[in-house]
2 protein chains.
Amino acid sequence: MRTPRISNAIIKRLPIYRRYLRQLKRNNVTKVSSNELSAIIGFTASQIRQDFNTFAQLGQQGYGYEVDKLLNELDDRLGLGHDRVYNTVVIGAGNIGKAISNYTYYYDIGFKIIGIFDANPDLVGTECNEIVVQNISEMDDFARQNSVDVGIICVNRENAQAVADQLVDAGVRGIWNFAPIDLEIPSDVALESVHLSDSLHILSYRMKTLEDEK
Amino acid sequence: MRTPRISNAIIKRLPIYRRYLRQLKRNNVTKVSSNELSAIIGFTASQIRQDFNTFAQLGQQGYGYEVDKLLNELDDRLGLGHDRVYNTVVIGAGNIGKAISNYTYYYDIGFKIIGIFDANPDLVGTECNEIVVQNISEMDDFARQNSVDVGIICVNRENAQAVADQLVDAGVRGIWNFAPIDLEIPSDVALESVHLSDSLHILSYRMKTLEDEK
């Protein structure tokens with residue numbers, strides 16, 4: 001089934017809506033208006049209504065949106081929920097690899113870490129959340145035998161492309177990349193990169209702006 | 001001096017331009033056109049020209065932009081470069097805290113980690129890049145004595161707001177937050193949060209979309 005494509009700008013807002021709606025749900029809020037959401041999230045109410053119409057075709061709702069219904073629509077669009085689990089491997093068992101393994105383990109967000117791999121013999125054999133770090137050379141066989149969906153790249157810039165190629169060959173459908181490099185991957189594999197420096201530089205931009213305004 | 005405010009959308013593109021321009025510089029490219037940049041970055045050439053005019057008032061340049069000049073303008077806008085260093089402390093010496101400390105240390109991006117703090121006695125006294133982890137109770141005095149500019153929050157959701165309050169009281173001008181929570185801080189302190197789940201959910205969105213298109 002073909003889902004209509006929505007713009008990159010909206011896609012980036014979907015997880016943000018989800019985050020705030022789940023917060024509301026935790027606080028036992030069942031209905032919320034676009035004006036209330038606007039006050040919490042900071043997007044305009046009209047933007048929110050427009051976005052919701054685009055992804056959920058909910059129409060204008062005089063008495064507010066049902067939080068549960070919106071969350072279900074969002075989960076569906078984001079490929080989450082319905083007990084769906086992505087089999088995930090982490091490549092690189094250094095600090096960032098361990099931090100990300102802990103993160104996905106602790107927050108239980110639909111990505112199940114089933115294997116961790118590293119090339120460093122000092123790290124192979126160590127444990128992270130009861131998963132034993134394996135040698136990277138075993139990754140291919142492991143991925144094929146365990147139908148791995150997602151690979152998380154936590155190696156340095158120099159090795160990241162080779163690891164990405166290996167993951168693609170092993171049949172993953174998505175790559176979450178923490179190396180500061182733009183990876184080249186086939187168009188039928190999803191890629192999302194976390195560029196920590198971008199975020200840090202937005203912080204320094206904001207600090208500079210506050211400084212200039214003094 | 002008051003710098004004119006530019007839109008959030010452009011602000012988010014500035015670090016991306018910087019990243020690609022530095023890559024070009026590493027490859028000894030000295031001039032680049034908006035069309036060439038468009039092919040690398042993926043934004044339209046007209047968007048790129050518009051953005052550059054907004055932040056740098058460089059005007060239209062028939063023979064392309066000078067990479068060095070653009071980088072200087074970008075660094076200036078982003079509050080980077082010119083040997084500027086932000087004294088930075090990391091709160092939370094778990095995996096994510098250590099990963100972020102390593103990252104800023106390794107990539108040398110203007111944020112100098114001068115202190116790491118944790119409340120866990122098992123971590124106090126351990127080392128990370130030759131910095132000894134101190135008890136969180138010592139953070140106030142340390143921050144005042146060492147004119148700390150930036151605090152990086154790497155603690156869990158439950159403790160993040162208390163740590164943010166402590167950092168604000170200690171006089172930091174910027175907070176880089178990795179806890180999955182929206183912090184409340186005064187308007188004269190800059191805040192940038194990294195929501196890893198947002199990025200992961202954009203990945204699952206893309207995987208879902210590719211799946212639906214099959």
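Residue numbering restarts at 1 for every chain, and letters A, B, ... go by the order of the sequence lines.
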For the residue pair [X] and [Y], establish whether any side-chain heavy-atom pair is separated by less than 4.5 Å.
| X | Y | answer |
| --- | --- | --- |
| Val32(A) | Tyr20(A) | no |
| Ile100(A) | Phe111(A) | no |
| Glu184(B) | Gln161(B) | yes |
| Glu36(B) | Ile48(B) | no |
| Val168(A) | Pro186(A) | yes |
| Arg49(B) | Tyr65(B) | yes |

Per-residue tally against chain A (heavy atom, under 4.5 Å) across Arg19(B), Arg18(B), Gln23(B), Arg84(B) peaks at Arg19(B)
Note: vs chain A, highest number of non-hydrogen pairs under 4.5 angstrom among Ala190(B), Ser187(B), Gly94(B) is Ala190(B)
Margin query: Please determine whether side-chain contact (heavy atoms from CB on, under 4.5 Å) holds for the pair Leu78(B) and Tyr17(B), giving the CA-CA distance in whole Å, both sets of side-chain angles, and the decisive distance to 0.1 Å.
Written below: CA-CA 11 Å; Leu78(B) 292 167; Tyr17(B) 289 129; over 6 Å; no
Given heavy-atom pairs under 4.5 angstrom as the criterion, report whether the side chain, backbone, both or neither of [X] touches chain A.
| X | result |
| --- | --- |
| Asp149(B) | both |
| Asn8(B) | side chain |
| Ile152(B) | neither |
| Ile175(B) | backbone |
| Arg173(B) | both |
| Leu14(B) | side chain |
| Asp188(B) | backbone |
| Phe178(B) | side chain |
| Val189(B) | backbone |

Top residue by heavy-atom pair count (under 4.5 Å) with chain B, among [options]?
| options | result |
| --- | --- |
| Gly174(A), Ser199(A), Cys154(A) | Ser199(A) |
| Asp76(A), Asp182(A), Ile181(A), Val150(A) | Asp182(A) |
| Ile96(A), Asp198(A), Leu191(A), Val194(A) | Asp198(A) |

Going by atom types alone, do Asn159(B) and Asn156(B) pair a side-chain donor with an acceptor below 3.5 Å? yes
Under a 4.5 Å heavy-atom criterion, the part of residues 113-126 of chain B in contact with chain A comprises none
Please check if atom CD in Glu127(A) has more than 12 non-hydrogen atoms from other residues, nucleotides or ligands closer than 6.0 Å.
yes
In this structure, OG of Ser197(B) is separated from CG of Leu203(B) (nearest 0.5 Å) by 12.5 Å
Tightest non-hydrogen contact, residues Lys98(A) and Cys128(A), listed as CG-SG, 4.0 Å
Looking only at heavy atoms, the pair that brings Ser38(A) and Phe43(A) closest together is OG-O, 2.7 Å
Test side chain to side chain contact (heavy atoms under 4.5 Å, CB included), reference Leu167(A), set Val172(A), Asn177(A), Val148(A), Leu183(A), output is Val172(A)
When the 4.5 angstrom heavy-atom criterion is applied to Leu80(A) and chain B, the contacting part is side chain
